[in-house]
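Reminder, nothing fancy here: chain letters follow the sequence lines and each chain counts from 1. Computation of the quantities below employed the complete heavy-atom set of this structure, encompassing side-chain atoms and omitting hydrogens, waters and symmetry-equivalent molecules. Quantities reported herein were computed from a predicted structural model and do not represent experimental measurements.
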Protein chains: 2
Amino acid sequence: MPADLDALPPGLAAAWGVVDVGGRRGPKPAHSVDEIVAVALELADEEGIAAASLPKVAARIGVTANALYRYVSSKEELVVLLADRAWGDPPKLPDTDWRAAAELWAHTLFDHFLSRPWLLDVPATVPLTPHNAAWLDALITVLRPTGLPGPEMLNCAYLLDSHARYGAGLRRNMPTPASLRRTNPDHQRATDAVRTFLNSQLRTRNLNAVADVVQDPMFLADEPSLDGFDFGLARILDGIEAHIRKRSA
Amino acid sequence: MPADLDALPPGLAAAWGVVDVGGRRGPKPAHSVDEIVAVALELADEEGIAAASLPKVAARIGVTANALYRYVSSKEELVVLLADRAWGDPPKLPDTDWRAAAELWAHTLFDHFLSRPWLLDVPATVPLTPHNAAWLDALITVLRPTGLPGPEMLNCAYLLDSHARYGAGLRRNMPTPASLRRTNPDHQRATDAVRTFLNSQLRTRNLNAVADVVQDPMFLADEPSLDGFDFGLARILDGIEAHIRKRSA
DNA sequence: TTGGTACTGTGCAAGCCATGAACACTTCAT
DNA sequence: ATGAAGTGTTCATGGCTTGCACAGTACCAA
């Protein structure tokens, strides 16, 4: 039963490679969806998601922007395809220890988001695209032996995904002094400015609990969000482990 | 010591109300930053973040888009101000039981994101704005009696924030059949289409673990992500609680 | 009182962007 | 070979952010 493709959100069918190849009439396409998405990925990796605009992609291919609409029905669809390709393949996970596997999965995802920060900017409107689904499949496969029911495994996956995503976002938006020094030494000034500014503002507004925490030398320290990531990940895994033990008891 | 405001990310100083009021010369401003942000908030609530564009805000105020630049230095700054106002005030939390308080905090935040879905779309480039900081302060205040060190409290806050954010995002992007029925009965067709399409695609690609889970009647059931939210929240709080107990032992 | 000056909102404009319509051209099916 | 289908082009529209020059307004100082 071929589901009605028109009812699907834009890009879903395309992402799964479901194309309605009409008769092979007319001139052969000089390009392909794959090429277009690959070029868009290049641009996004180089200059962020905003650089993956239709004109820029078209220019790099050597074609006008409108020509792309022969391959892709909208910008939104292109973004969906782009995001899916950017997910890439999930890591191979050990199938003996679910906890070690989940930890590896989350860490790999975290690193992945760090190396493709713009991936955090794409609005996740479409639920499951192939690579996306492959990541999820890898995780759920190792979670299965725990005996958790399906929806709970799904929720665990959400937990880990959201943690990786959020941690990477923090790292990106609040760069470490180390990364700042590497890129632009003047950004050191920005970091200092932010810290002293926030401290004074927080104090005068009596937000002392936050001010104390922000004042802590760990805040804005080197690699803080990796520490934070590991801390949170450990809590999450502890929570899941306790739940599993409780269930099997 | 007045920190150098120029080094701050755009909108930070403005968000904290630090304005360099020059001499009160020239015509009195017919409008105010506050009014502009309020109008932008109206528009965002009505039609999403994209509707809060300078031309639209200006039109509603009765002014040209360029006039807004007398009050706001860039679109980005407007967005920061808008987001901060949209955060609103944090809930009052009971100061007796940290776990109950944290749970309430997370639930309130989750509901908040649901009622202002576009808040999930604003790129969080600026770390702490006043309302934002107030929320964080409320949570950290109740976390303090646990004896956790500052950075760990911060990490716990991140954990809860990210969970609320992600859960709300899921709910928004994958609406429940109930909400679909309420809005557009034809969307029921879309939901069915997505489910059957995904199922067939996942099977043919041997992503059976995911397919099984997606096939589960709980998936796409009424209010699924609220259940998912509570499940994940319980795991997180369990993990934090275990950590606290371990530390104090 | 008067002149200067700083600040306001406006018009005009440039330069992005996504997207639509008309059109010429190419290839295949009949 | 002729027509239909498909491809890439040009032209066009309307949206967006943002810069610059300008006219007007209100305050300050003389």
Side-chain angles (χ1 to χ4, degrees), chain A residues 9-11 14 19-37 39-40 43-44 46-83 118 121-123 125, chain B residues 9-11 14 19-37 39-40 43-44 46-83 118 121-123 125:
Chain A
V19 253
D20 46 347
V21 265
R24 283 274 115 253
R25 269 232 272 213
K28 290 189 175 129
H31 309 282
S32 68
V33 176
D34 218 61
E35 179 190 4
I36 291 170
V37 176
V39 168
L43 284 167
E46 291 168 14
E47 307 173 53
I49 185 70
S53 71
L54 296 191
K56 293 218 180 88
V57 172
R60 183 165 292 198
I61 289 188
V63 122
T64 66
N66 269 333
L68 298 186
Y69 280 89
R70 297 289 179 195
Y71 299 91
V72 157
S73 66
S74 71
K75 169 70 180 289
E76 193 176 355
E77 181 171 314
L78 175 61
V79 170
V80 169
L81 297 176
L82 173 61
W118 54 266
D121 293 326
V122 337
T125 90
Chain B
V19 254
D20 45 349
V21 265
R24 282 276 116 254
R25 220 104 92 133
K28 288 190 174 126
H31 310 281
S32 68
V33 177
D34 218 61
E35 178 190 3
I36 292 170
V37 177
V39 168
L43 284 166
E46 290 168 15
E47 308 173 54
I49 185 69
S53 72
L54 296 191
K56 293 216 180 88
V57 171
R60 182 164 293 197
I61 288 187
V63 122
T64 67
N66 270 333
L68 299 186
Y69 280 88
R70 297 289 178 194
Y71 300 91
V72 157
S73 66
S74 71
K75 169 69 181 288
E76 193 175 355
E77 181 172 314
L78 175 63
V79 170
V80 170
L81 297 177
L82 174 61
W118 54 266
D121 293 327
V122 337
T125 90

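Look at A:Lys56 and you won't find any side-chain N or O under 4.0 angstrom from OP1 or OP2 of C:dC16. For D:dA26, the OP1/OP2 oxygens have no side-chain nitrogen or oxygen of B:Lys28 closer than 4.0 Å. For D:dT7, neither phosphate oxygen OP1 nor OP2 lies less than 4.0 angstrom from any side-chain nitrogen or oxygen of A:Tyr71.
When rounded to the nearest whole Å, the span between NZ of B:Lys75 and P of D:dG19 equals 14 Å. Computed from coordinates, the B:Leu54 CG to C:dT10 C1' distance equals 16 Å when rounded to whole Å. In this structure, A:Ile49 places its CD1 atom 13 Å from P of C:dC17, rounding to the nearest Å. Put simply, NE2 on B:His31 is 18 Å from P on C:dC7, counting in whole angstrom units. B:Glu77 has its CD atom 11 Å from the P atom of D:dT18, to the nearest Å. Distance CZ (A:Arg25) to P (D:dA5): 6 Å, rounded to an integer number of Å.
Taking the side chain of B:Asn66 as heavy atoms from C-beta on, and the options D:dG6, D:dT7, C:dG11, the nearest nucleotide is C:dG11. Of the candidates C:dT8, D:dC27, D:dT7, D:dT7 carries the atom nearest the A:Pro27 side chain, counting heavy atoms from C-beta on. Taking the side chain of A:Ala67 as heavy atoms from C-beta on, and the options D:dG8, C:dC17, C:dG9, the nearest nucleotide is D:dG8. Of the candidates C:dT19, D:dT18, D:dT10, the closest approach to any side-chain atom of A:Thr64 belongs to D:dT10. The nucleotide whose nearest atom lies closest to any side-chain atom of A:Tyr69 is, among C:dC28, D:dT17, C:dA18, C:dA18. Of the candidate nucleotides D:dG6, C:dT19, D:dT17, C:dT19 has the atom lying nearest to any side-chain atom of A:Ala65.
Where B:Arg70 and B:Ser74 meet DNA chain D, the nucleotide closest to each residue was compared, and B:Ser74 sits on the side nearer the 5' end. Nearer to the 5' terminus of DNA chain C, by closest-nucleotide assignment, is the contact made by A:Ala51 (compared with the other of A:Ala51 and A:Ser73).
No donor-acceptor distance shorter than 3.5 angstrom exists from the side chain of B:Tyr71 to the backbone of B:Ile36, with no hydrogens or angles considered.
A heavy-atom distance below 4.5 Å is found between the side chains of A:Ile49 and A:Leu82.
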Working for side-chain contact (heavy atoms from CB on, under 4.5 Å), residues A:Leu68 and A:Val57:
CA-CA 9 Å; A:Leu68 298 186; A:Val57 172; 4.0 Å; yes
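The minimum heavy-atom distance linking B:Ala40 with B:Ala52 is given by the pair O-CB, 3.9 Å.
Salt-bridge check for B:Glu46 with B:Lys56: failed, with every basic side-chain N at 4.0 Å or more from each acidic carboxylate O.
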